[in-house]
Amino acid sequence: MKASLFGIVMAATVAMSGVAQAGSMLDRAADELQGWKKALTVYNNEDSFVTKVRFAWMEQYQMASVQPNGSNGLHLKDGGSPFNHEFRRSWVGVNVDFRTGTQFHTWARIGGLPYRHTWKNGRTVRNFSYTDLFDIWVKQDIKAVKGLSVKAGKLKPLFTTDYSTPSSALTCVERSFVGNQYGLDSNWGLDITYAPNKQDTVYLQLLANDRASASKSNGHRDVYRDGRGLKGEFGWEDKFFAIVGASHKFRVTESGYHKVSVQYAHDFNNSYDNGTAPGANCYGIGVKDALSLGYEVKKDKWLFLANIVGNCEMQNGGGNNIGIQLQPVYSLTDRVDLIFRYTGMTGDNACKLAADRYICTNTTASSWVDSINAFYFGADFYLSPRDKNMLKLMLGAEYTTARNNGSDCYNGWEYTSAIRWNF
């Protein structure tokens with residue numbers, strides 16, 4: 001008995017020693033990468049006109065396997081495979097700060113690298129590649145009013161809790177159906193933000209044209225040509241929409257906080273050439289009107305997100321829809337988070353199943369359905385507890401069901417993984 005107890009103690013000691021050594025190795029690797037990240041700040045002098053110049057690099061390589069159940073007669077596309085992989089995000093950027101309270105920012109994006117596969121007419125087609133400027137803007141702090149700033153250029157729309165989260169800070173491999181259904185991408189326009197303190201923010205965005213929207217006119221003189229090249233799609237006569245948002249953080253303590261947010265989007269549905277040109281009267285944000293209500297609470301190791309959205313007049317001609325996202329995150333250790341996400345949507349032919357990146361790419365599922373329910377189970381592993389978004393491994397599995405005309409039209413698993421870094 002004593003010998004057995006001694007063996008157990010010795011085994012536990014060896015295991016704890018191994019864990020400690022592994023933790024020490026991770027800490028050294030994190031410190032090394034942190035040094036590389038700091039080296040991207042190539043200039044820093046508060047006494048000069050240009051106070052700081054910092055480069056940035058963000059990358060995400062991911063894999064996915066779509067596994068439809070098949071019990072509803074749904075099959076993979078002819079000649080297709082359930083597997084896909086790609087560099088989902090590949091961005092290089094620069095930030096320049098000036099003593100005048102001015103900041104210049106841009107992200108150059110390499111997208112659609114030829115790794116992702118689609119299947120058309122029984123054969124494999126590789127994704128096209130393109131390079132563009134995801135955003136490029138100048139922000140000016142208005143010193144006469146504390147917390148007021150104006151930003152102009154190519155901007156990211158801030159709508160829904162999910163899409164307002166920076167790409168580097170996402171906890172799931174892909175955003176939810178609720179966030180992705182709008183097909184949002186950067187747009188030319190203006191952002192006016194008032195944030196007088198750390199708890200309150202109010203903003204207005206006026207944005208023209210949605211580069212990512214499938215409704216864009218390929219014959220229009222300002223079009224991006226399917227996203228390839230650096231030419232911008234600019235002009236109020238095509239698509240013009242506005243977003244108004246506000247958030248308030250309260251009950252802030254050392255262990256957590258509560259936060260509420262509201263966002264409203266309206267598309268002015270402008271048309272050009274008297275409405276006769278292809279793409280006229282299409283919505284840049286995908287809907288005529290949309291409302292998003294968000295709630296976030298953090299308490300010790302728990303973080304809980306809730307987002308409810310309502311949409312009127314969907315772009316595809318379907319009815320209105322309503323969606324909900326519930327997402328608890330639990331920090332198992334300082335290097336491991338466990339994630340669950342539920343996403344539900346309902347609306348007569350108004351739920352965008354194609355908002356998932358791979359289901360409609362790999363299978364014969366309809367792009368628009370009457371209802372969607374999706375359950376995501378995942379875990380994120382961080383190299384550095386002090387800078388979780390610097391380098392992380394993300395693992396996830398999502399079960400999705402969709403119904404159309406009162407019957408099942410899709411159900412199955414999607415297994416995903418990604419490695420993401422942000423320097």
Side-chain angles (χ1 to χ4, degrees), residues 7-42 44 52 54-65 85-95 107 110 113 115 162 165-175 253-257 296-305 327-341 376-398 414-423:
I8 294 173
V9 172
M10 286 298 295
T13 303
V14 171
M16 291 175 64
S17 176
V19 171
Q21 290 180 7
S24 179
M25 291 175 60
L26 291 175
D27 288 337
R28 288 196 296 270
D31 290 341
E32 183 73 20
L33 285 182
Q34 196 64 245
W36 294 359
K37 186 173 182 178
K38 290 180 180 179
L40 292 175
T41 300
V42 297
N44 193 357
K52 181 183 287 189
R54 185 184 184 280
F55 291 95
W57 179 29
M58 183 167 64
E59 196 83 42
Q60 178 174 321
Y61 174 76
Q62 67 187 51
M63 296 180 288
S65 179
H85 68 115
E86 61 178 317
F87 281 94
R88 179 68 174 89
R89 294 175 175 88
S90 185
W91 291 348
V92 178
V94 63
N95 295 282
W107 274 116
I110 303 173
L113 291 176
Y115 292 95
D162 203 355
T165 303
S167 296
S168 60
L170 292 176
T171 53
C172 300
V173 176
E174 288 287 347
R175 301 184 195 271
T253 66
E254 292 183 357
S255 61
Y257 59 84
E296 178 179 331
V297 57
K298 187 180 188 307
K299 178 66 174 178
D300 298 325
K301 294 186 176 184
W302 284 97
L303 174 64
F304 177 74
L305 305 173
Q327 184 173 314
V329 179
Y330 178 73
S331 293
L332 188 64
T333 73
D334 58 357
R335 279 195 168 93
V336 181
D337 283 353
L338 303 179
I339 303 104
F340 172 76
R341 181 180 71 195
Y376 180 97
F377 307 88
D380 292 350
F381 303 87
Y382 308 100
L383 179 66
S384 172
R386 293 173 297 172
D387 190 355
K388 288 186 172 183
N389 297 321
M390 181 174 66
L391 179 63
K392 56 187 175 184
L393 172 66
M394 312 172 75
L395 303 176
E398 186 166 37
E414 182 177 315
Y415 303 100
T416 59
S417 61
I419 183 168
R420 177 184 295 172
W421 61 86
N422 179 49
F423 296 145

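Because only heavy atoms are used, hydrogens play no part in the values below, and waters and symmetry mates are left out as well, while side chains stay in.
Listed for the Arg335 side chain is a donor-acceptor partner under 3.5 Å among the backbone atoms of Leu383. Remark: the backbone N or O of Ser167 is paired with a side-chain donor or acceptor of Arg420 at under 3.5 angstrom.
Here the straight-line distance linking atom CD of Gln34 with atom CZ of Phe423 works out to 9.0 Å at 0.5 Å rounding. The NZ atom of Lys38 sits 12.0 Å away from the CG atom of Asn44 when rounded to the nearest 0.5 Å. A distance of 11.0 Å separates CZ of Arg386 from CG of Asp334, quoted to the nearest 0.5 Å. How far CD1 of Ile419 is from CZ of Phe87: 10.0 Å, rounded to the nearest 0.5 Å. Within the model, atoms OH of Tyr61 and CD of Glu86 stand 9.5 Å from one another, a figure rounded to the nearest 0.5 Å. Rounded to the nearest 0.5 angstrom, Tyr382 OH and Leu26 CG are separated by 14.5 Å.
Looking at every heavy atom in both residues, Asp162 comes nearest to Arg175 through O-NH1, 2.7 Å. Residues Leu40 and Ala56 approach most closely at CD1-CA, 4.4 Å, considering heavy atoms. Taking each heavy atom of Tyr376 and Leu395 in turn, the nearest pair found is OH-O, 3.9 Å. Nearest heavy atoms, Thr41 versus Lys52: CG2-CG, 4.1 Å. Across all their heavy atoms, Leu338 and Ala379 have their closest contact at CD2-CB, 4.0 Å.
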Between Val173 and Gln60, is a side chain to side chain contact (heavy atoms under 4.5 Å, CB included) present by the stated rule, with each step listed?
CA-CA 9 Å; Val173 176; Gln60 178 174 321; 4.1 Å; yes

Quick one: do Ser384 and Lys37 satisfy side chain to side chain contact (heavy atoms under 4.5 Å, CB included)? Show the steps, please.
CA-CA 13 Å; Ser384 172; Lys37 186 173 182 178; over 6 Å; no

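A side-chain donor-acceptor contact under 3.5 Å links Thr171 and Gln327.
Test Trp91, Trp36, Trp421, Trp107 against Trp57 for ring-ring contact (aromatic ring centres under 6.0 Å, His included) and you get one pass: Trp421.
The local environment of NZ in Lys298 is crowded, with over 12 non-hydrogen atoms from other residues, nucleotides or ligands closer than 6.0 Å.
Between Asp337 and Lys392, no side-chain nitrogen of the basic residue sits less than 4.0 Å from a carboxylate oxygen of the acidic one, so the salt-bridge criterion is not met.
Ring geometry for Tyr330 against Trp302 counts as tilted: the plane angle lies between 30° and 60°, on a 0 to 90° scale. Between Phe340 and Phe377, the ring-plane angle classifies as tilted under the 30° and 60° cut-offs.
By the salt bridge (charged side-chain N to carboxylate O under 4.0 Å, His left out) test, Glu398 pairs with Arg341, sequence neighbours left out.
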